[in-house]
Amino acid sequence: MTLLQHLNSLVTSAFQQSDIPETYPTLISLSQRPEFGDYQVNGAMQAAKALKINPIALAEKVAAYLSKQPTIQSAQACKPGFINIFIEDQWLTEKLNNLYLSSRCGIKKASSPKTIVIDYSHPNIAKEMAVHHLRSTVIGDSIARLLFFLGHNVIRQNHIGDWGTQFGMLIALLESDEYDYIETPKLSDLENFYKAAKKRFDQDTDFAKKASSYVVKLQSNDPYFIKIWKKIVHISMEQNQQIYHRLNISLTAADVYGESAYNDLLPMIIKLLVKKELLTQHNGAKVVFLEHFKNKENEPMGVILQKSDGGYLYSTTDLAALYYRAHNLDATEIIYCVDARQTQHLEQIFSIAALANFIPKDIVLKHYEFGMMLDATGKPFKTRSGKTIKLSDLLDEAELRSTNILAERHSDLEEADRVKVINALAIGAIKYADLSKNRSSNYVFNWDSMLSFEGNTAPYLLYAYTRIQSIFRKSKHITVQDTDKFSLKETIERKMSLILIRFHDVLNKVEKEGKPHLLCSYLYELASHFMSFYESCPILNTNIDPEQQKSRLMLCDITAKTLKIGLDLLGIQTVDRM
RNA sequence: GUGCCCAUAGCUCAAUCGGAUAGAGCAACGGCCUUCUAAGCCGUAGGUUGCAGGUUCGAUUCCUGCUGGGUGCGCCA
C-alpha cells in the first residue's frame with residue numbers, strides 16, 4: 001500500500017465511524033505549510049455541506065478517530081473544517097526501511113496488468129526526423145517506460161508515415177531520366193528528391209499522372225514498386241533508429257507498424273461502415289457525417305473516408321489502426337501521443353468507431369496531446385531562415401554546448417567518462433526541458449536555461465546524483481547493515497523521508513494523468529531537498545554519531561535509487577561523476 | 001462563420017476533484033568554500049492570477065460575457 005492509499009483507508013474508516021456515507025470522497029492532499037501537518041483531509045467540509053451539519057463538529061469527530069490510529073501522531077480539526085494529519089515517525093522509519101531494502105523503491109507491479117498500446121513518434125518516411133517529432137517521441141517514450149515499470153503489458157506502435165501519394169511522386173522521380181534509379185541513396189538525397197518531385201508534380205501534368213498511377217501500383221502490391229518503396233522505408237528507418245539510439249528512446253524496429261500495414265484492411269473498414277449505414281455518397285466520395293461537429297457553413301461535418309477516385313485517407317487508416325489494436329493486439333487501453341492540433345481529428349475517429357461499434361465499449365482511448373515548441377519570440381521553433389530544424393542538428397548542437405560547458409569547468413574526467421557526461425547532459429537537457437513542462441501547452445525552447453545547473457533542469461538532477469555517488473565512494477569503510485535503523489533528528493531529514501515515501505504515489509499520479517512533468521517536479525523537489533540536506537547534515541565528519549551517520553547514508557541510498565529510477569523513467573541516463 | 005486551447009511575478013514555469021497566507025527557478029540585491037564536488041547552499045525583494053459579473057463558508061480552478069493570442073475545420077497526412 002502506498003502512503004496515500006494507507007491514509008485513505010484510515011480516513012475512509014474515520015468517515016464511516018462519523019456516519020459519513022461512502023459516496024463522499026476523502027479529499028486527502030499534501031499540506032502546503034508545516035503547521036498544517038504532513039497531509040490534510042478536505043472531504044469533511046464537502047460532506048458536512050451536503051449533509052447540512054456543522055463542518056467543524058464533523059471534522060473534530062473524524063480527527064478524534066484518526067488521532068487514535070497507531071500510524072498517526074496527531075490529527076487536528078481547524079477553522080471551517082480542515083483536518084491536519086501529522087504522521088508518526090516510527091511508522092515513517094519502518095516505511096523507509098522497506099524502501100531501503102527494495103531495489104524498486106518498494107514499487108510493486110500491477111496486480112492486474114493492462115494491455116496498453118501506445119502510439120508515438122510516428123516520423124515521416126523519406127524525410128529526416130525534425131524537431132516537431134521530438135515531443136511525441138520523448139513524451140511517449142517516457143509514458144511507455146513508466147507503464148512498463150508499473151507492470152503493464154506495453155505495446156509500442158510507431159505509426160510511421162510510409163504510405164500515400166508522396167511515394168508515387170518519389171518513385172516516379174527516382175526512375176526518371178535525370179536521376180536514374182539509384183541503388184543506395186542516402187536519406188538526405190531522398191529528402192532532396194522529395195522536394196524536387198513535389199515541385200515537378202505541381203508543374204508537370206504528365207509527371208503528376210505518372211505519379212498517381214504509381215500510387216495505384218504501389219497500393220495494389222506491384223512487386224517492382226514494392227521493392228523500391230521498401231528500400232526507401234529501410235533507408236529512412238535505419239537513420240531514424242540512429243536518432244532513437246542517440247536520444248535513448250526505447251523504440252525498436254519491431255515497434256514499427258506504419259500506415260502501409262493497414263493497406264489491406266481499408267476496404268473492410270469501408271464495408272463495415274456501409275453495413276452500419278454510416279457512409280453517404282457525396283460528390284463521388286464516401287463520407288461519414290457527424291452531427292456534433294460543424295463545418296464552415298455550420299452544417300454537420302463530413303469526414304471523407306474514400307475519395308472519389310477510390311483512394312483512402314488518413315482517417316481511414318486511423319480507423320483501421322484502431323480496429324487492429326483493439327482486435328489483433330487485444331488492447332485494453334490505447335494511448336495516442338499526438339499533437340494537440342489533431343484533437344478534432346481524433347475525436348472524429350473515436351466518434352466513428354463508437355457509432356460503428358468498431359471496438360469493444362470498455363476499451364479506454366486516450367489522447368495525450370501536446371503543444372508546440374516555440375522560440376524566444378513565441379513563434380514556432382525554426383532555423384533563422386525559417387526552415388525546419390533537423391533533429392540530428394539539434395542533437396549535434398546540444399552535444400557541442402555540453403562539451404563547451406564541461407570544458408569551462410575544467411573537468412578532469414577520463415576521455416570515456418567525459419563522452420558519457422557530455423551525452424547525458426546534452427540528451428538529458430533536451431528531454432528534461434520538454435518533459436518538465438505540462439505537455440498540453442506550448443513551450444519555449446531555450447538552450448541556456450535547459451543546460452543550466454540552476455533550477456528545475458536535467459544538469460541539476462544529474463549533479464545531485466553525482467554528489468551522492470561521491471559520498472558513497474568515500475564511505476566504503478562504513479558498513480551499513482540491513483538491521484540498521486533510521487533516525488530522523490533534523491527537520492530536513494524528516495522532510496526528505498516524507499518525499500521519498502511519496503514516490504509511488506507520484507508514479508501512480510503520472511500514470512493516471514499521463515503527465516511526466518509531475519514526475520519532474522517531484523524529482524526536482526527531492527533533489528533540492530537533498531542539496532539542503534547535503535549542506536546541513538554532514539556524513540563523513542569524524543565527530544558524527546555512527547548511528548546518525550548510517551541513517552544518513554541510508555537516506556542517500558534511497559535518494560540515489562529514486563533519482564535513478566525516476567530519471568530512467570524519463571529516458572535520461574545518470575553518470576557517477578561529472 | 002464555427003470548434004478547441006491558452007492568458008499567473010520583468011522572464012520561464014508550478015499550483016492535487018473548489019481549500020487555509022498562489023509556489024519554484026532565472027534575472028536583481030545581500031551573505032556562505034582550512035569541512036562529503038560552490039556545476040552548490042542560505043536569505044531579501046518581487047502578484048488586483050487578462051477584464052467585468054455570477055455561483056459559496058471558500059475561486060487561479062466552476063458558469064456567463066468581453067479583450068488579446070494560438071490552433072483546427074470535406075477529397076494532403
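Sequence lines set the chain letters: A, B, ... in the order given, protein chains first and strands last, and positions in each chain run from 1.
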Per atom distances to the A/Glu454 side chain, the nearest of B/rC26, B/rC75, B/rA14 is B/rC26
Of B/rG40, B/rU12, B/rG19, the nucleotide closest to the side chain of A/Met531 is B/rG40
Can you tell me if A/Tyr534 touches the phosphate of B/rA39, counting only side-chain N or O atoms and a distance under 4.0 Å to OP1 or OP2? no
Using a cut-off of 4.0 Å on non-hydrogen atoms, how would the nucleic acid contact of A/Gln344 be classed: base, sugar-phosphate, or nothing?
base
### Query
Do A/Arg439 and A/Glu513 meet the salt-bridge criterion of a basic N to acidic O distance under 4.0 Å?
no
Can the ring centres of A/Tyr443 and A/Phe370 be said to be less than 6.0 Å apart? no
Practice prompt. Give one of base, sugar-phosphate or nothing for A/Ala285, where a contact means two heavy atoms less than 4.0 Å apart.
Written response: base
- Please confirm whether any donor atom in the side chain of A/Asp448 sits under 3.5 Å from an acceptor in the base of B/rA27, or the reverse. no
query = When all nucleic acid strands are considered with a 4.0 Å heavy-atom cut-off, which category describes A/Leu406: base, sugar-phosphate, or nothing?
reply = base
Has the side chain of A/Arg33 got a donor or acceptor that lies under 3.5 Å from a partner of the other kind on the base of B/rU21?
yes
Margin query: Side-chain N or O of A/Ser532 versus OP1/OP2 of B/rC42: is the shortest distance under 4.0 Å?
Written below: yes
* Asked: So does A/His517 get a side-chain nitrogen or oxygen closer than 4.0 Å to the phosphate oxygens (OP1/OP2) of B/rA15?
  -> yes
From CG of A/Asn295 across to C1' of B/rC75 the rounded distance in Å is 14 Å
Look at all strands and tell whether A/Leu27 reaches a base, only sugar-phosphate, or nothing, counting heavy atoms closer than 4.0 Å.
base
### Donor-acceptor pair (no angle test) under 3.5 Å: A/Tyr314 side chain, B/rA77 base
yes
**Request:** Scan A/Pro538 against the nucleic acid and name what it touches under 4.0 Å (heavy atoms): base, sugar-phosphate only, or nothing.
**Result:** base
_Whether A/Phe453 stacks on the six-membered ring of B/rA39 base, 5.5 Å and 30° limits_ = no
Does a side-chain N or O of A/Lys474 approach OP1 or OP2 of B/rU37 to a distance below 4.0 Å, or not?
yes
Between A/Asp202 and A/Lys198 (salt bridge meaning N to carboxylate O under 4.0 Å), is one present in this structure?
yes
(Q) Applying a 4.0 Å non-hydrogen cut-off, can you work out what A/Arg409 is touching in the nucleic acid: base, sugar-phosphate, or nothing? (A) base
**Asked** A/Tyr312 near the nucleic acid: base, sugar-phosphate alone, or nothing, with a heavy-atom cut-off under 4.0 Å?
**Response** sugar-phosphate
Using the C1' atom as the reference point in each nucleotide, state the distance between B/rA28 and B/rC33 in Å, no decimals. 24 Å
How would you label the contact of A/Lys509 with the nucleic acid (heavy atoms, under 4.0 Å): base, sugar-phosphate, or nothing?
-> sugar-phosphate
State plainly whether the residues A/Arg135 and A/Asp339 are in salt-bridge range, i.e. N to O under 4.0 Å. no
With sugar-phosphate meaning primed atoms plus P, OP1 and OP2, does A/Leu313 contact a base, only sugar-phosphate, or nothing at under 4.0 Å between heavy atoms? sugar-phosphate
* To do: Can you label the angle between the A/Phe453 ring and the A/Tyr463 ring as parallel, tilted or perpendicular, going by 30° and 60°?
  => perpendicular
Examine B/rC76: is either OP1 or OP2 under 4.0 Å from a nitrogen or oxygen in the side chain of A/Lys307? Give yes or no. yes
### Message
Base, sugar-phosphate or nothing for A/Thr165? Non-hydrogen atoms, less than 4.0 Å.
### Response
sugar-phosphate
From the list A/Phe350, A/Tyr120, A/Tyr368, ring-ring contact (aromatic ring centres under 6.0 Å, His included) with A/Tyr336 holds only for A/Phe350
Glycosidic torsion of B/rC33 (syn if within 90° of 0, anti otherwise) classifies it as syn
Under 4.0 Å, counting only non-hydrogen atoms across every strand here, what does A/Thr343 touch: a base, just sugar-phosphate, or nothing? nothing
- Sugar-phosphate, base or nothing in reach of A/Lys296, heavy atoms under 4.0 Å: base
At 4.0 Å (heavy atoms only), tell me whether A/Cys520 reaches a base, stays on the sugar-phosphate, or touches nothing.
nothing
Exercise. Look at all strands and tell whether A/Gln306 reaches a base, only sugar-phosphate, or nothing, counting heavy atoms closer than 4.0 Å.
Key: nothing
Taking a pair to mean Watson-Crick or G-U wobble geometry with both distances below 3.5 Å, B/rC17 pairs with none
In Watson-Crick or G-U wobble terms, with both distances under 3.5 Å, the base opposite B/rC41 is B/rG31
Heavy-atom donor-acceptor pair, A/Gln40 side-chain to B/rA20 base, under 3.5 Å
yes
For A/Phe82 and B/rA20, is the gap between ring centres under 5.5 Å while the planes differ by less than 30°?
yes
Query raised in the report: Hey, what's the ring geometry for A/Phe503 with A/Tyr522, parallel, tilted or perpendicular (30° and 60° as the breaks)?
Result: parallel
Rounded P spacing from B/rG1 to B/rC13 in Å
31 Å
So is the aromatic ring of A/Phe293 stacked onto the base of B/rG3, judging by whether the centres are under 5.5 Å apart and the planes are under 30° apart? no
